[in-house]
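What follows is a single structure, written as structure tokens, with notes after it.
As the structure is a prediction and not an experimental result, all values here were calculated from the model. Chain naming here is simple, since letters A, B, ... match the order of the sequence lines and numbering starts at 1 in each.
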Amino acid sequence: MSTTESSSGKILVWGMFLLMFILHQDKWWWNDGTLVLGFLPVGLAFHAAFSLGCALLGWTAIKFAWPHDLEAFAETETTVSEKVEGSS
Amino acid sequence: MSTLVVIVCYLCLLLALGFYSSRLFRGTSKDYFVASHSIGPFLLLMSVFGTTMTAFALVGSTGKSFERGIGTYGLMASISGLVHAAVFFLIGIRLWAFGKRYGYVTQIQFFRARFESDGLGYLLFPILVLLVVPYLLIGIIGAGKTIEPVTAGAFPTIFTDPSIPAWNGGVPPWLTGLVVCVVVLAYVFMGGSRGAAYANTFQTIVFMFMGLVAFVYIVKALGGIDNAANVAARITEDGKVVQDFRFDKKAGALAKNEPPKPIGRLLEPDQAKELMNVQPHFIRTPIDVEFKKKNPKTGKVSAFERELGIPFLTFLTYLFIPLSVGMFPHLFQHWLTAKSAKAFRLTVIAHPLCIMVVWVPCVLIGAWASGLLPPGIPPPAVLSAMLKLLVGDPILTGLLTAGVLAAIMSSLDSQFLCMGTIFTNDIVLHRTGKEKYSDKQIIFIARAFIVGIVVLTYVLAMLAKDANVFDLAIWCFSGFAALFPIVVAALYWKRATKEGAYAGIIAAMAVWFYYFRLSGYGGEYVVGPGIVPAAICFAASAVALVAVSLATKPPSKETLDKFFPEST
């Protein structure tokens, strides 16, 4: 993935995160006890859908903002001096 | 008695799994502490999810919803789906990469290297231990509170001093706590982090499945999903809070209360017109209600006030609490067990979904319970009481109770293991050097410390057995959340210095302790119009960290090259 693709991916993911954060406040349904599907209060139904949105955001982050460089960094062999003293 | 047999069978099954995982143990300290970085995506998801969901997930969510209504889900669950997944992605993968590359097995090793300071480890060690211990207490006390009511009457001649008269003959909390400690200790002792990962996976599947089973049976008893929503408490035109239904145990069905049974009244009667026929547990606007409760021991009736719904500022600032996962030492250890960075992918996507599967049914059960149970019932007892009232079948109750124990033990194991790991690596080996001990001796030290922590935790749990475990949990999470700026700065801010880290940790703990004291050492507490203390502790830590870092000498080039590989 090119650097440009990666940075636009990060912008997309951060934008979605911000949007999700705003949506989480859903002040518009605080006083509404309407039932969705006959049993789910709308405030709860919205937040259940919000959880699905979080999963979608996770997928988007993995697809467009995955830290490939960090992954490669972790798999590189270390020199003995880099290892922590006392580590296993 | 059948209930108890089912629970005992479950615990035996868990021990067998611990024995099986011990056969896979490779005998090295690396395998004991971080499973030789061999855990794949599914086991990682289950162990991380199982670890972050304590008794809070099944028992706490139902109880909180009974108290405050469906806003509980947005307050604690959906925000956790967003924040936890972000922390796994932004913090977890990065810490895993440094751990894998440089051989860290504890958070403190990372912080010592990143901030070029040995002393920081000695400052962090007691703080992490002191914050984890209440978290452990939650599990042991929660287990005791769950088992006693569901086994009531099983041993009427042996256990004659119950917590309340109605639970006479039930297994007492001291015995439940002891058994839970021994079982968890056994499989952690045998299998280390691999044993904990296997046990967590099994237990997470059990509690997710059992939560759904409880939901299905409760819905069935309430006359189907469409009828269940009618059961929740309602406000009348004259400002009373009433229960329209009761559960007729003989008929095994709901019966209508004629007239509706009053259980409370609005403290502001002017709201009655506006709220007429509203079911207050289905909305989130705060409503103050006066309820009555009967003391089960003396029979005396007294009034108490409860705020239903959630103040907006509390809802907004609660987002700081799930940040605690970024600083949980036991979660750090689970992250390091991952085979590769790719193993995190499933966790990032599926963690919010797992939260949804567990929390939505429990929050609904809690809201429905407002229309059937007496309002004065202790919130942690709501799920057990609903099962006993609506389901009644002892085998099913046993299976569902095993589910609650699974949620509790899947957190306890990781916490015990992590205590042994940080003591061995950050105190013993750090002072003496690894070469002084063989791998067998290192594992022995870790196991000995784990036994010590289990004994200490058990004793403390017995001393604090009447504490409100869920308020205590929030304080524990708040303490870890207050330290979150330290890990973010360590990973993403080159200018963060050793002195800044000290300042951030000290400020976080000072402000945290100040509010903890004001709360009466563990009670529910908000600042001003509803701000949670975690938000203020977080801000104090961040400000101190930034201000002192900018005023002190930046880290060495060698350290920056080591921890900011992208910019070199």
Side-chain angles (χ1 to χ4, degrees), chain A residues 13-14 16-17 20-21 23-27 29-63 65-88, chain B residues 28-30 33-34 70-71 73-74 77-79 81-82 85-86 89 93-94 96-98 100-105 109 113 225-226 228-229 278-279 282-285 309 312 315-316 319 340-342 345 348-353 355-356 360 363-364 367 425 429-430 433-434 442 562 565-566:
Chain A
V13 172
W14 277 111
M16 278 178 74
F17 182 85
M20 292 293 283
F21 176 73
L23 287 175
H24 185 262
Q25 307 314 314
D26 77 322
K27 192 76 177 131
W29 272 321
W30 275 49
N31 226 357
D32 192 344
T34 309
L35 297 175
V36 177
L37 305 172
F39 76 99
L40 208 51
V42 68
L44 183 58
F46 173 79
H47 278 276
F50 180 90
S51 296
L52 296 173
C54 291
L56 181 67
L57 174 60
W59 178 83
T60 311
I62 287 163
K63 182 89 179 155
W66 183 253
H68 294 281
D69 45 354
L70 204 62
E71 200 175 9
F73 163 81
E75 302 296 349
T76 312
E77 276 299 309
T78 41
T79 60
V80 175
S81 63
E82 279 183 322
K83 285 251 181 188
V84 65
E85 192 193 335
S87 72
S88 307
Chain B
T28 65
S29 57
K30 189 175 179 177
F33 295 134
V34 290
I70 54 106
Y73 187 84
S78 63
I79 191 67
L82 182 66
F89 190 80
I93 297 175
R94 215 170 171 82
W96 169 84
F98 290 128
K100 179 94 193 289
R101 172 87 186 239
Y102 301 131
Y104 304 136
V105 293
Q109 288 175 337
I225 194 84
D226 290 337
V278 163
Q279 292 170 297
F282 287 174
I283 62 172
R284 278 172 289 167
T285 307
F312 178 69
F315 194 80
L316 181 69
L319 83 99
S340 67
K342 288 186 179 68
R345 290 180 173 180
V348 170
I349 296 173
H351 186 79
L353 301 178
I355 291 179
M356 183 182 76
V360 168
V363 166
L364 279 173
N425 288 281
L429 296 185
H430 184 74
K434 200 196 169 197
I442 292 172
K562 190 172 173 182
E566 302 95 328

Problem - Residues in side chain to side chain donor-acceptor pair (under 3.5 Å) contact with A:Lys27, at least two apart in sequence or another chain - result: none
Of all of [options], which one pairs up most often with chain A through heavy atoms under 4.5 Å apart?
| options | value |
| --- | --- |
| B:Ala86, B:Ala229, B:Ala341 | B:Ala341 |
| B:Val363, B:Leu316, B:Ile349 | B:Ile349 |
| B:Val348, B:Thr285, B:Thr28 | B:Thr285 |
| B:Ala97, B:Ser340, B:Ala228, B:Ala367 | B:Ala97 |

Handout entry: Under 4.5 Å from any heavy atom of chain B - which part of A:Leu70
Key =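 Contact with chain B involves both backbone and side-chain atoms of A:Leu70.
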Handout entry: chain B contact via A:Leu37 - side chain, backbone, both or neither, heavy atoms under 4.5 Å
Key = backbone
Please give me the minimum heavy-atom distance between [X] and [Y], naming the atom from each residue.
| X | Y | value |
| --- | --- | --- |
| B:Phe312 | A:Trp30 | CA-CH2, 3.8 Å |
| A:Ala74 | B:Trp96 | CB-CZ3, 3.5 Å |
| A:Gln25 | B:Phe315 | OE1-CD2, 3.7 Å |
| A:Pro41 | B:Ile70 | CG-CG2, 4.0 Å |
| B:Pro352 | A:Ser51 | CB-O, 3.6 Å |

Problem - Best-contacting candidate, A:Gly58, A:Cys54, A:Pro67, against chain B by heavy atom pairs under 4.5 angstrom - result: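 Greatest number of close heavy-atom pairs with chain B: A:Cys54.
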Any side-chain heavy atom of [X] within less than 4.5 Å of one from [Y]?
| X | Y | answer |
| --- | --- | --- |
| B:Ser78 | A:His24 | yes |
| A:Leu35 | B:Asp226 | no |
| B:Leu319 | A:Phe21 | yes |

Within this structure, what is the [atom1]-[atom2] distance for the pair [X] and [Y], rounded to the nearest 0.5 Å?
| X | Y | atom1 | atom2 | answer |
| --- | --- | --- | --- | --- |
| B:Ile79 | A:Phe50 | CD1 | CZ | 5.5 Å |
| A:Asp32 | B:Ile283 | CG | CD1 | 9.0 Å |
| A:Phe73 | B:Arg94 | CZ | CZ | 8.5 Å |

Exercise for the section: Starting from the C-alpha separation in whole Å, work towards a yes-or-no answer on side-chain contact (heavy atoms from CB on, under 4.5 Å) for B:Phe282 and A:Leu44. Expected result: CA-CA 8 Å; B:Phe282 287 174; A:Leu44 183 58; over 6 Å; no
Problem - Structural part of B:Leu82 lying under 4.5 Å from a heavy atom of chain A - result: both
